[in-house]
2 protein chains.
Amino acid sequence: MMKKYTIKDIAELAGVSKGTVDRVLHKRGKVSDSALKKVNKVLEEIEYKPNPIAKSLKNNKVYKVCILFPQSTQDSFWTPCISAVEEIENNYQAFGIAIEQHRYDSNSPSSFLDQANSIISTKPNALLMAPLFYKEAQEVKKNCLEKEIIISTFNNMIDKNSLSNYIGQDLFQSGRIAAKLLDSLTNSGHMLIVHIDEQVQNATHMQEKEKGFKKYFEEKKESHYKVSTISINKEQATNYAAHLQQYFNSNSDINGVFVTTSKTYIVAKFNKENYKKLKIVGYDLVEKNIDYLQQGSIDFLINQNPKKQAFQGLSNLAEHLLFGKEIPKAMLLPIDIINSENYKEYLE
Amino acid sequence: MMKKYTIKDIAELAGVSKGTVDRVLHKRGKVSDSALKKVNKVLEEIEYKPNPIAKSLKNNKVYKVCILFPQSTQDSFWTPCISAVEEIENNYQAFGIAIEQHRYDSNSPSSFLDQANSIISTKPNALLMAPLFYKEAQEVKKNCLEKEIIISTFNNMIDKNSLSNYIGQDLFQSGRIAAKLLDSLTNSGHMLIVHIDEQVQNATHMQEKEKGFKKYFEEKKESHYKVSTISINKEQATNYAAHLQQYFNSNSDINGVFVTTSKTYIVAKFNKENYKKLKIVGYDLVEKNIDYLQQGSIDFLINQNPKKQAFQGLSNLAEHLLFGKEIPKAMLLPIDIINSENYKEYLE
DNA sequence: TTTATAAGTGTGTTCGAGCACATTTTTATC
DNA sequence: GATAAAAATGTGCTCGAACACACTTATAAA
């Protein structure tokens, strides 16, 4: 347990005033060679860490941090993010962090862009967003950089190469996990990937998961596996059951299904009411999915943990603004496997 | 975004001095009725939250927090706790939290007691411990309360009734999860619970898991399930394989095994080299278990996440000491299901 | 009314970092 | 060597809470 040194301590040890030490520490010049040497010598001998509390008190600013993600009326997947915001507010409000929550229409790229630009025009210190639209997100990022607004993304990343403080999961690996789970549940060798999504924006998401899923079975050379894929879009949505029934009638060897979105309950409903032979692995702890998980119609859910993503993203920003902590370029969160017995502790 | 009020603001609004406001806030008396009313009125109208940063700066103490858990030479289960300590040190050292790490011999109750008492004699502000020994833990708790040392426990709780800041998992539920997993992997209907533990101290741990495991199959009334239990103790440890082989020879219908400790690799090794028909669910991301998980000899591991437990426990204490945050009486952490595809993100 | 005592109130300092400003020292120029 | 300009150095205040201490007012006893 070592002593905590202050600027005053250093000044005394070096035989100069705290003003001089301060100038050395901040490289503000106006320091003679001899003084510089004296201070640096002391600085080498001791380990000086500025007191972040004193720093923060002096600073005494209110930082505005905005978070932007889709409306949860359209997709309850996003609902848990609200409680992440609340928790962060409780934790950091007294430290001078003000969180502003903004939402956009997940069907409308222009809604996303409008919201983002309106946020940017208020010049917050930082913006955390879940960008569904690639092109628009690029533009938002550019605008933020221009206005010197720190930008982080969660759940959906803008681009793989120039990572910008991304918090989320490895989607490819996520697909592999689903594959491993279905592999342990079935033995038919024929799997079906179902993309159910009214929006096209999740395309990259679903593609990554599909790639990971297929890769797993490619690597498993011992036996011959077959993986098929279907997409159900909004037009067919009026009658999922008939659509699925038709498909399974002509592919009766399939008994493992991987649903790549939180709409897993749609296949589960079909299976429970009509088909009854499918093992199902899907995504996210939304209410309907949990119902079918409890009933046994869904075997496993993979938790994308939007709350933790938002929480972590906001934490990173707050700690950076308040105490100068570095924001990691990419944070890949664990991918939780959920069954009927362990979902509770992951909720809320 | 509301204004942040300071004591000075309140003083001005109430028409008194900041000293008077301070006395009202801290109920230190020496305030006239009229002044009290004036201040309280202002306090009702605005929402005053003292600035924790200023508070902490004024306080300017170094808090000593000790953590006590078993040596990891005996059981690598505890190794991750070390990095939890390191992370907490990085986060909180500058705020005046000094962590002291102490270890004890997991075979020796007296070692635990000695270590704990030697910690207590140095009068730290708080103690976080993983107590393997019930009786001794009670005594340590008593001693801490006497000396006004805040006490928290993780992984093993002292007693269910008078919970003392416990951080850990619901072990009963943990057994249920294992049951559900094995149920989804097998269909023989005969399961085996294996307790492998050189120490007796884990008894309650293992019992809770066993109860949960059995309860799951009791509730699943549709089919008749049989659950057997064996214990392998230190004396038999020289030849696990022969011992297991003998058991399975006379119980050849068993193909699902639930190992209640981190020694899961012992059954996995036997299965890989001799038996080859078991589905195995066990505990903890220790190196040997991960090897067998990758090879496919272990199907699922349940992650007790000692690192997160220690981290959370230390965080709670630090935030309490520094900023007066309340320490939750019990924190049940999520129970992670691990397979060969998602273990990586849970490591380190 | 005076004096003593208690009750109530306000002022000023501290914590450590950061920065403005005042002061001192050095260097350049006549 | 005197003077001005520049460079170097030190002093003092701020942030907000907390508390010691000084100060003022009210109350009681003489």
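Residue numbering restarts at 1 for every chain, and letters A, B, ... go by the order of the sequence lines.
In the displayed structure, E326(A) atom CD is contacted under 6.0 Å by at most 12 heavy atoms of other residues, nucleotides or ligands. Counting heavy-atom neighbours within 6.0 Å of K344(B) NZ, excluding the residue itself, gives a total of 12 or less.
Considering every non-hydrogen atom in both K55(A) and P50(A), the closest pair reads NZ-CG, 3.7 Å. Summarising the geometry of A137(A) relative to P131(A), their closest heavy-atom pair is CB-CB, 3.6 Å, with the distance given to 0.1 Å. For the residue pair P334(A) and E345(B), the shortest heavy atom distance occurs at CA-CB, 3.5 Å. Pairing each heavy atom of I327(A) with each of N316(A), the nearest pair is CG1-O, 4.1 Å.
Contacts between residues 54-61 of chain A and DNA chain D, defined by a heavy-atom separation under 4.0 Å, are made by L57(A), K58(A), N60(A). Across residues 29-36 of chain B, K30(B), V31(B), S32(B), A35(B) each have a non-hydrogen atom less than 4.0 Å from an atom of DNA chain C (numbered order). Non-hydrogen atoms lying under 4.0 Å from DNA chain C are contributed by V16(B), S17(B), K18(B), G19(B), T20(B), R23(B), all within residues 16-25 of chain B.
Here the side chains of Q312(A) and F154(A) are not in contact, with every heavy-atom distance at 4.5 Å or above. Side-chain contact between T122(A) and K64(A): present, with at least one pair of heavy atoms (C-beta onward) separated by less than 4.5 Å.
Checking S72(A) against R103(A) by side-chain atom types alone, a donor-acceptor pair falls below 3.5 Å.
Protein chain B contacts DNA chain D from dG16(D) to dC19(D), reading 5' to 3' and using non-hydrogen atoms of the protein with a distance under 4.0 Å. Between chain B and DNA chain C, the heavy-atom contact criterion of under 4.0 Å yields a 5' to 3' nucleotide range of dG8(C) to dG16(C).
Contact check on K4(B) versus D9(B) returns no salt bridge, with no Lys/Arg side-chain nitrogen under 4.0 Å from an Asp/Glu carboxylate oxygen. The pair E87(A)-K307(A) meets the salt-bridge criterion, since a charged nitrogen lies less than 4.0 angstrom from a carboxylate oxygen.
For the ring pair (Phe, Tyr, Trp, His ring centres under 6.0 Å) condition, no pair includes a residue of residues 4-50 of chain A, sequence neighbours left out.
With rounding to the nearest 0.5 angstrom, the CD atom of E148(B) is 10.0 Å from the NZ atom of K123(B). In this structure, CG on N165(B) lies 8.0 Å from CD1 on I150(B), to the nearest 0.5 angstrom.
For F323(A) and F95(B), the ring centers are positioned less than 6.0 Å apart.
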